[in-house]
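Reviewing the structure listed below.
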Amino acid sequence: MSISKTYQFSEVEDKWYSYWLEHKFFKSVPDEREPYTIVIPPPNVTGVLHMGHMLNNTIQDVLIRRARMKGKNACWVPGTDHASIATEAKVVNMLKERGIAKADLSREDFLKYAWEWKEKYGGIILEQLKKLGASCDWDRTRFTMEEDMSEAVIDTFIHLYKKGWIYRGVRMINWDPRGLTAVSDEEVIRKEVNQKLYYIKYTLTEAEGDATHIMIATTRPETIMADSAVCINPNDERYTHLHGKTVKVPLINREIPVILDEYVTMDFGTGCLKVTPAHDLNDYELGQKHNLPVIDILNDDGTLNDKAEILIGEDRFTARKKITVLLEEAGALEKVEEYRSQVGFSERTDAVIEPKLSMQWFCKMKEMAQPALDYVLNGEVKLIPDKFINTYRHWMENVRDWNISRQLWWGQQIPAWYLPNGQFVVAKTLEEALTEAKSIDATLTAADLRQDEDVVDTWFSSWLWPISVFDGFKNPDNADINYYYPTNDLVTAPEILFFWVARMIMAGHEFKGKAPFKNVYLTGIVRDKLGRKMSKSLGNSPDPIDLIKKYGADGVRVGMLLCSPAGNDLMFDESYCEQGRNFANKIWNAFRLVKGWEVDATLPATNAIAINWFNSRFNEALAEIEDLFAQYRLSEAIMAVYKLVWDDFCAWFLEMVKPAYQHPIDAESFNATVKFFENILKLLHPFMPFLSEELWHDELFGERNAQDCCIVAQLPEIEQTNTQLLADVEKLKQVITEIRNTRNTKQLSPKEALELHVKQSSAVDYQSFVPVISKLGNISSINFADDKIAGAASFMVSTDEFFIPLANNIDADAEIARLQKDKEYLVGFLKSVNAKLSNEKFVNNAKPEIIENERKKQADAEAKLQIIEENLKFLAI
RNA sequence: GGGAGCAUAGCUCAGCUGGUUCAGAGCAUCUGCCUUACAAGCAGAGGGUCACAGGUUCGAAUCCUGUUGCUCCCA
C-alpha cells in the first residue's frame with residue numbers, strides 16, 4: 001500500500017468528526033471527575049463564522065481538548081443568541097422580498113415568520129464550528145429565546161423590578177433611526193468623521209446699540225428649529241451686553257432666551273452655544289438645569305416632524321443640506337468651516353445615532369457593579385492579560401444605568417401591563433398582572449390591560465447565559481448547575497468586556513452568589529497585515545471556511561494560534577496557515593518514515609543514547625508546555641510543540657535512529673520510536689485534532705478498539721529528565737553542525753565520508769557519541785588524539801578541539817584570519833570580565849552566584865584563548 | 001480633553017525579581033542540495049545603537065523622567 005506523500009486532510013476531517021460525534025466523546029454528564037467547563041460566547045443566530053470566531057473557538061477547543069486529555073470531565077456548551085436587532089432586520093428583509101410589510105402584520109404573525117427564518121437560516125455558524133473541529137457538547141446547544149431561557153429573562157426582570165433596580169423613565173437615549181430602536185451606550189461606535197461647522201446668525205429681538213445679532217457655531221443646522229435657548233459663558237466679556245436678552249431662531253423667528261452657564265467653552269466656535277435639549281445629551285442636561293422646554297422635531301425614522309415648522313418630512317441629512325441653502329438665502333449663514341469630530345454610529349445598522357428623549361426601561365447598575373468589581377479586584381475572577389483590570393475598574397466605577405428596552409418584537413416582551421389610567425404593574429402573566437391591577441382598581445378586566453410593546457435588550461438574556469444554559473433559574477438546585485457552575489474559563493473578545501463579561505459577573509453574583517467563571521481569557525482583535533481591523537466593509541477578511549478548505553482545519557488552527565500572542569491583537573496573514581499546513585505535512589511524513597521501517601528482532605540495540613536523550617527532551621518540553629498553558633500563552637505553547645516535533649524529533653531523533661536505506665531496524669529502537677510518536681500525537685491533539693486522530697488509529701500503534709481514541713487519551717505524566725545528558729547532547733549537536741558547516745564552506749559533498757580527530761579537555765563523553773557523530777556527520781573514523789592535526793580544518797566546541805584532515809584543501813591564511821578574529825573577540829570579552837572582577841564595588845555588591853559566574857566566564861575565556869594562541873602558532877609553522 | 005498600553009531582526013513576537021538562556025524564536029531572505037519520509041523538504045549562513053534623549057546603578061533592552069510615533073478605552 002502506498003501512502004500519499006502529502007497529508008490529505010479533506011479525506012480525514014469529516015470522517016473523524018462524525019466518529020467523535022457517534023461515539024459521544026463531546027458529551028458530558030456530571031460524574032465523580034473534576035469538571036472543566038466553558039460556555040461559548042453565543043454568536044448571533046444570524047451570524048456566519050468570521051476570523052474573530054475562528055480564533056476564539058480555536059482557543060476554546062484547545063483548552064477543552066487538553067482538559068479532556070488531563071482526566072477532567074470537559075464540557076463545552078454551545079449555543080446562539082437571538083440578536084434582536086440583527087434578526088429582526090433579516091426577517092423584515094425576508095418579508096419585503098415576499099411583498100409583506102412589517103407594519104401590516106400583527107406581532108404574533110411577525111414572530112411566526114421570525115421563527116421560520118431562525119429555523120431555516122439561523123445557526124449556520126454552529127455548523128461551521130464543526131468544520132473547525134469544535135468539540136462542543138451539541139446535545140446541550142442552547143438558544144437565548146428558548147422557552148426556559150426566556151422565562152429566566154422574565155423572572156429576572158421581575159426580580160430586579162421588585163428590588164427597585166429596574167425602573168421606567170424618560171431619559172436621553174441612543175436612538176437608531178434605521179433599526180428604529182433604542183440601543184445601549186455600548187452598542188454605539190464612535191468614529192472620527194469630517195464634518196462641517198456652520199456659523200449661523202441669530203438676530204437679537206431688540207438691537208442693542210450696534211449689535212443686531214449673535215453668531216453661533218454648530219455642526220447640526222437642521223436642529224435649530226428645536227432650539228430652546230442660546231447659552232453664553234457669564235464670564236465672557238464679549239457678550240455682557242446680551243445678558244437677559246432674547247434672540248430669534250432664524251427662518252422660523254421663534255423667540256428664545258439667552259442664558260448664562262459656565263458650561264460653555266469661551267474659545268470654541270464663537271463662544272455662543274445653541275441649546276437643543278431634545279437632540280443633544282449635554283444640551284438636555286443644560287435644559288434641565290435652566291428649565292427649558294424640550295422641542296423634539298424628529299420622527300423616529302430621522303425625518304423632521306411638524307414641530308420643525310419647515311422642511312417637514314425631510315430626512316435629517318437632506319434637511320441639513322436644504323437648510324444651509326435656506327439660511328444662505330436668508331442671509332443668516334456667515335461661513336462654513338471644515339471640522340473633524342466624533343460621531344456615534346449604531347453597531348448593528350451603522351446609522352448615525354440620534355440622541356433622543358424617550359420613555360424607556362432602565363436597570364440600575366451601581367449596586368450590582370460593586371460586587372462585580374470586587375471579584376476582579378480580589379482575584380476571584382482573573383482577567384488575562386491583567387492589563388484589562390484597570391479598564392474594567394474604570395468602567396465599573398463610572399457605570400451608568402443600562403437601558404434595557406428595545407422597540408422591537410423579536411425578543412422577550414417586557415412583562416409590564418398598563419392600566420387605562422397610565423399606571424402599570426409588572427407581572428409574569430396577564431392573570432397575575434390582573435390580580436395586581438385589581439388592587440389598584442377592582443373593576444378592571446383583562447381587556448383593560450395592555451402589555452408593554454417593547455422587548456428587552458439581547459444582552460439582558462446573554463448576561464444570564466452561564467446560569468441559564470444549565471437551567472439554573474428554573475431548577476436552581478439541579479445536578480448540572482451544581483456540578484458545572486461556576487465554569488472555568490471564558491474566552492472572548494475585549495470589546496465585550498463590559499456589556500457582556502461584566503454583566504455576567506453581576507448576574508452570577510446576584511443570582512448564584514458566585515462569579516460565573518474563574519478566568520477570562522481576552523483574545524486580541526484579528527487584523528489584517530496592515531493592522532486594519534477585519535471587517536465586511538473593508539473586504540479584508542478571508543472566509544474561514546475557505547481557509548479550512550485550502551489548508552485543512554488543523555493547519556488553520558495552528559496558523560491562528562501561531563500569530564496570536566496572549567492578549568495582543570494579531571496581524572493575521574494567510575502564510576501562518578501555510579506554516580500550519582506544512583507542519584501537518586511534516587508530521588505526516590515522519591509517520592511515513594516510521595511506518596516504512598522493518599524490524600529485525602535479532603539486531604542489537606544501538607540507539608540507547610538517542611532514546612534516552614529524546615525521552616528527557618520530551619519531558620522537558622512537556623513541563624515547559626504545561627507551564628505555558630498555565631499562563632495561557634498558547635502561541636508559545638504551540639511553538640514549543642512545533643520545535644519539539646520538527647527539530648528534536650524529526651531533525652535529530654529520527655535521523656539518529658533511522659536505519660540505512662532498505663535496512664531493518666532493531667526492535668528496541670523501533671518500539672521506543674513508536675512510543676514517542678504516540679506521545680507526540682497526544683501532545684499535538686488539542687492543536688491538531690484531525691491529523692493526530694487519523695494517525696492514532698494506524699496499526700503502527702497497535703490495536704485500537706472503538707473507544708480507544710486520541711481525543712480521550714490521557715496526556716503522559718511528566719517524568720524526571722537527565723539534565724547532564726541534555727547538556728551533553730547539545731554539545732554533540734554543535735559538533736555535528738560544525739562538521740556540516742565545514743562541508744558547506746569547503747564545498748564537500750555530503751556523500752564523501754570524512755575523518756575526525758578529537759583533542760578533548762572537557763568531561764563530555766564523546767566516546768559514547770561516536771556512532772551518532774559518524775552517522776549524522778558521515779564520518780568514517782573518529783580518533784581521540786593528544787596532538788593537533790596538521791593540514792586539517794578545525795573547530796572548537798567549548799574547549800574541545802576537532803580536526804578534519806583535508807589534504808590539499810586548507811587555506812592557512814583564511815584559518816589564521818578566522819582565529820585572529822576569534823582571538824580579538826575573546827580578548828575584548830576577557831577585558832570586560834576582568835574589569836568587572838577587579839571592580840571593588842562589583843565584588844562587594846553583586847550576589848555571590850553572579851561573581852562565581854564571572855569567574856567561570858573568565859576561566860573559560862582564558863582556556864579558549866590559550867588554545868587559539870597555540871593554534872595560531874601551530875599554523876604559523 | 002481624561003485614562004491605559006505599546007515601540008527589540010524585513011515581518012510577527014519572547015526576553016519573569018537589573019548581571020551568559022542577554023541580545024533570542026518562528027516566518028521571510030541568501031547560499032548549497034531533487035541525499036529513497038517530506039522541495040509543503042534537507043544542510044548551512046547573514047540580519048538588531050533593543051524608538052530618541054537624559055538619569056539611577058559597579059552594571060540597563062530591563063528601573064525612573066522627558067520627547068516622538070502608534071493603538072485602544074472613555075468624554
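Each chain gets a letter, A, B and so on, in the order the sequences are listed, and its residues count up from 1.
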Looking for any heavy atom pair under 4.0 Å, which part of the strands does A:Asn845 touch: base, sugar-phosphate only, or nothing? base

Give a yes/no on whether any side-chain N or O of A:Lys658 is located under 4.0 angstrom from OP1 or OP2 of B:rA37. yes

B:rU31 phosphate, OP1 or OP2: any side-chain N/O from A:Arg740 under 4.0 angstrom? no

Do A:Lys836 and B:rC58 have a side chain to base donor-acceptor pair shorter than 3.5 Å? no

Say we look at B:rC42 and B:rA53: how far apart would their C1' atoms be, to the nearest angstrom? 48 Å

Kindly say if A:Lys586 contacts the phosphate of B:rC42, meaning a side-chain N or O under 4.0 Å from OP1 or OP2. yes

Do you see a donor-acceptor pair shorter than 3.5 Å between the side chains of A:Glu849 and A:Asn853? no

Tell me the interatomic distance from A:Leu830, atom CG, to B:rU20, atom P, rounded to whole angstroms. 16 Å

By the 4.0 Å heavy-atom rule, please label A:Arg400 as base, sugar-phosphate, or nothing. sugar-phosphate

Measure from the side chain of A:Lys857, starting at C-beta and using heavy atoms only, and say which of B:rU20, B:rC74, B:rA25 lies closest. B:rU20

Is there a donor-acceptor contact under 3.5 Å linking the side chains of A:Glu752 and A:Asn778? no

Does B:rU62 count as syn, meaning its glycosidic angle lies within 90° of 0, or as anti? anti

For A:Lys841 and for A:Glu738, locate the closest nucleotide of RNA chain B by heavy-atom distance; then report the residue assigned to the nucleotide nearer the 5' terminus. A:Glu738

Short side-chain N/O contact to B:rC38 OP1/OP2 from A:Lys5, under 4.0 Å: yes

Taking OP1 and OP2 of B:rG3, is either one under 4.0 Å from a side-chain nitrogen or oxygen of A:Asn390? no

Is there, by distance only and without an angle test, a donor paired with an acceptor across the side chain of A:Glu655 and the base of B:rA37 below 3.5 Å? yes

Anti/syn call for B:rU21, syn if |chi| within 90°: syn

Integer angstrom distance from the P of B:rG24 to that of B:rC34: 33 Å

Atom pair distance, as rounded to whole Å: CG in A:Leu562 and C1' in B:rC13: 11 Å

Is the shortest side-chain N to carboxylate O distance from A:Glu699 to A:Lys595 below 4.0 Å? yes

B:rG41 phosphate, OP1 or OP2: any side-chain N/O from A:Asn582 under 4.0 angstrom? yes

Closest nucleotide among B:rG26, B:rC42, B:rC74 to the A:Trp646 side chain: B:rC42

Please state how far atom CG in A:Leu497 lies from atom P in B:rC74, giving the value in whole angstrom units. 10 Å

Using the C1' atom as the reference point in each nucleotide, state the distance between B:rU20 and B:rG59 in Å, no decimals. 14 Å

Measure CD1/A:Ile525 against C1'/B:rC6 and give the value in whole Å, please. 14 Å

OP1 or OP2 of B:rA40 versus the side-chain N and O atoms of A:Arg581: is any pair under 4.0 Å? no

Phosphate-side-chain proximity, A:Tyr661 and B:rA37, N/O vs OP1/OP2 below 4.0 Å: no

Between A:Asn619 and A:Ser616, is any side-chain donor less than 3.5 angstrom from a side-chain acceptor? no

Identify whether any heavy atom of A:Asn585 sits under 4.0 Å from a base atom; if not, whether one sits that close to sugar-phosphate; answer base, sugar-phosphate or nothing. base

To the nearest Å, give me how far apart CZ (A:Phe795) and P (B:rA45) are. 12 Å

With the side chain of A:Ala846 defined as its heavy atoms from C-beta on, choose the nearest nucleotide among B:rG19, B:rC38, B:rG26. B:rG19

Pair A:Phe690, A:Phe9 - check ring pair (Phe, Tyr, Trp, His ring centres under 6.0 Å), show working. CA-CA 8 Å; A:Phe690 295 109; A:Phe9 49 82; 9.8 Å; no

Using atom P in both nucleotides, what's the gap between B:rC6 and B:rG10 to the nearest angstrom? 22 Å

Rounded distance in Å between the C1' positions of B:rC13 and B:rC50: 14 Å

Just call it for A:Tyr642: base, sugar-phosphate, or nothing, with non-hydrogen atoms closer than 4.0 Å on any strand. sugar-phosphate

Output, in order, the C-alpha distance, side-chain angles, deciding distance and verdict of ring pair (Phe, Tyr, Trp, His ring centres under 6.0 Å) for A:Phe649 and A:Phe677. CA-CA 9 Å; A:Phe649 187 64; A:Phe677 212 135; 5.4 Å; yes

Assign each of A:Ala651 and A:Leu654 the nucleotide of RNA chain B bearing its closest heavy atom; nearer the 5' end lies the nucleotide of A:Leu654

Hey, is the side chain of A:Thr737 poking within less than 4.0 Å of OP1 or OP2 on B:rA43, counting only N and O atoms? no

Under a plain distance cut-off of 3.5 Å, with no hydrogens placed, do A:Glu578 and A:Asn582 share a side-chain donor-acceptor pair? no

Below 4.0 angstrom, N of the basic side chain to O of the carboxylate: do A:Lys643 and A:Asp648 qualify? no

Nucleotide nearest A:Lys387 (side chain, heavy atoms from C-beta), chosen from B:rU21, B:rC27, B:rG5: B:rG5

Between B:rC58, B:rG44, B:rU20, which one does the side chain of A:Asn744 approach most closely? B:rG44

Looking only at side chains, do A:Ser762 and A:Asp800 share a donor and an acceptor under 3.5 Å apart? yes

Considering only atom C1', compute the distance from B:rA60 to B:rA23 and round it to an integer number of Å. 13 Å

Quick one: do the A:Glu574 and A:Tyr551 side chains pair a donor with an acceptor below 3.5 Å? yes

Integer-rounded Å distance: B:rA43 C1' and A:Asp647 CG: 13 Å

Among B:rA37, B:rA14, B:rG44, the one nearest any side-chain atom of A:Asn589 is B:rA37

Given the C1' atoms of B:rU17 and B:rG41, what is the spacing between them in whole Å? 44 Å

Restricting to side chain to side chain contact (heavy atoms under 4.5 Å, CB included), what partner residues turn up for A:Ser832, sequence neighbours left out? none

What's the gap between B:rC70 and B:rA75 when it is taken at their P atoms, as a whole Å value? 24 Å

Can you list every stem that RNA chain B is part of, counting only runs of 3 or more consecutive Watson-Crick or G-U wobble pairs with both distances under 3.5 Å? B:1-7 with B:68-74, B:10-13 with B:24-27, B:29-33 with B:41-45, B:51-55 with B:63-67

